Amino acid sequence: MIWKTNGKAGGKGTGELTAFLDEASEIEGKFSFSGTVMVNGKLKGEIFSNDTLIIGEKGVVTASIRAGIVLVSGEVVGNILGGQRVELRTGARVTGDIEAPIVVVDEGVTFDGNCRMSKADHDHSVVALSARG
């Protein structure tokens with residue numbers, strides 16, 4: 001299961017996906033959700049949640065992201081603000097800044113940006129980092 005962290009499934013403790021955007025999906029705009037969402041399609045805009053966002057190996061996200069937990073195996077262009085943790089898994093490609101209390105970067109990740117480890121942010125009120133061009 002790609003969404004497991006520390007032996008516990010992400011998102012409200014259920015371990016089940018609330019939504020799944022497959023490879024044929026393309027979304028543009030503001031996207032907010034509860035639970036655990038996996039993106040394997042294309043998403044452009046802004047993403048907000050207090051829960052878990054999983055960007056699968058085939059996911060391509062061009063957006064500013066604010067979520068409780070962000071797990072990246074695909075591509076992200078934009079800043080990531082994780083209230084609890086951000087994990088860049090093997091093969092992930094991230095262009096943008098990352099801020100979270102816990103940041104995990106696996107071997108084989110391509111990351112172009114700045115990383116800041118901060119205190120836990122339960123209300124996501126931290127000002128978003130500016131994107132690097």
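Model, not experiment: these values are computed from the prediction.
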In one Ile/Leu/Val/Met/Phe/Trp/Tyr side-chain cluster, 4.5 Å: Ile27, Phe48: no

Rounded to the nearest 0.5 Å, what separates atom CG in Asp106 from atom CD in Glu87? 7.0 Å

Please give me the minimum heavy-atom distance between Ala63 and Glu46, naming the atom from each residue. CB-N, 4.1 Å

Closest non-hydrogen atom pair, Gly96 against Phe111: O-CE1, 3.2 Å

Considering all heavy atoms, the nearest Asp97-Asn79 contact: N-OD1, 2.8 Å

What pair of heavy atoms forms the shortest contact from Val76 to Ile65, and how long is it? CG1-CD1, 4.0 Å

Can a donor-acceptor pair be found, under 3.5 Å and without considering hydrogens, that links the side chain of Asp112 to the backbone of Thr95? no

Step-by-step side-chain contact (heavy atoms from CB on, under 4.5 Å) determination, Val109 to Val94: CA-CA 8 Å; Val109 167; Val94 177; 5.5 Å; no

Decide whether Val72 and Met117 are clustered together by the hydrophobic rule: side chain heavy atoms of Ile, Leu, Val, Met, Phe, Trp, Tyr closer than 4.5 Å, transitively. yes

To the nearest 0.5 Å, what is the distance between CD1 on Ile80 and CD1 on Ile98? 4.5 Å

Enter the distance from Leu21:CG to Ile54:CD1 here, rounded to the nearest 0.5 Å. 11.5 Å

Taking every non-hydrogen atom, the tightest pair across Met38 and Gly56: CE-CA, 3.8 Å

Please check this pair: side chain of Ser49 against backbone of Phe33, looking for a donor-acceptor N/O pair closer than 3.5 Å. yes

I would like to know whether Leu43 and Phe31 meet side-chain contact (heavy atoms from CB on, under 4.5 Å); could you show each step before the answer? CA-CA 9 Å; Leu43 198 150; Phe31 180 55; 3.8 Å; yes

Looking only at heavy atoms, the pair that brings Gly83 and Pro101 closest together is O-CG, 3.4 Å

Backbone N/O of Gly91 and side chain of Arg93: donor-acceptor pair under 3.5 Å: yes

So, taking the atom named CG in Asn40 and the one named NZ in Lys58, what distance separates them when rounded to the nearest 0.5 Å? 7.5 Å

Following the transitive rule for hydrophobic clusters with a side-chain heavy-atom cut-off under 4.5 Å over Ile, Leu, Val, Met, Phe, Trp and Tyr, establish whether Val103 and Val77 coincide in one cluster. no

Side-chain heavy-atom pair Arg116, Asn114 within 4.5 angstrom cut-off: no

Do Ile55 and Leu53 come close enough that some side-chain heavy atom pair is under 4.5 Å? yes

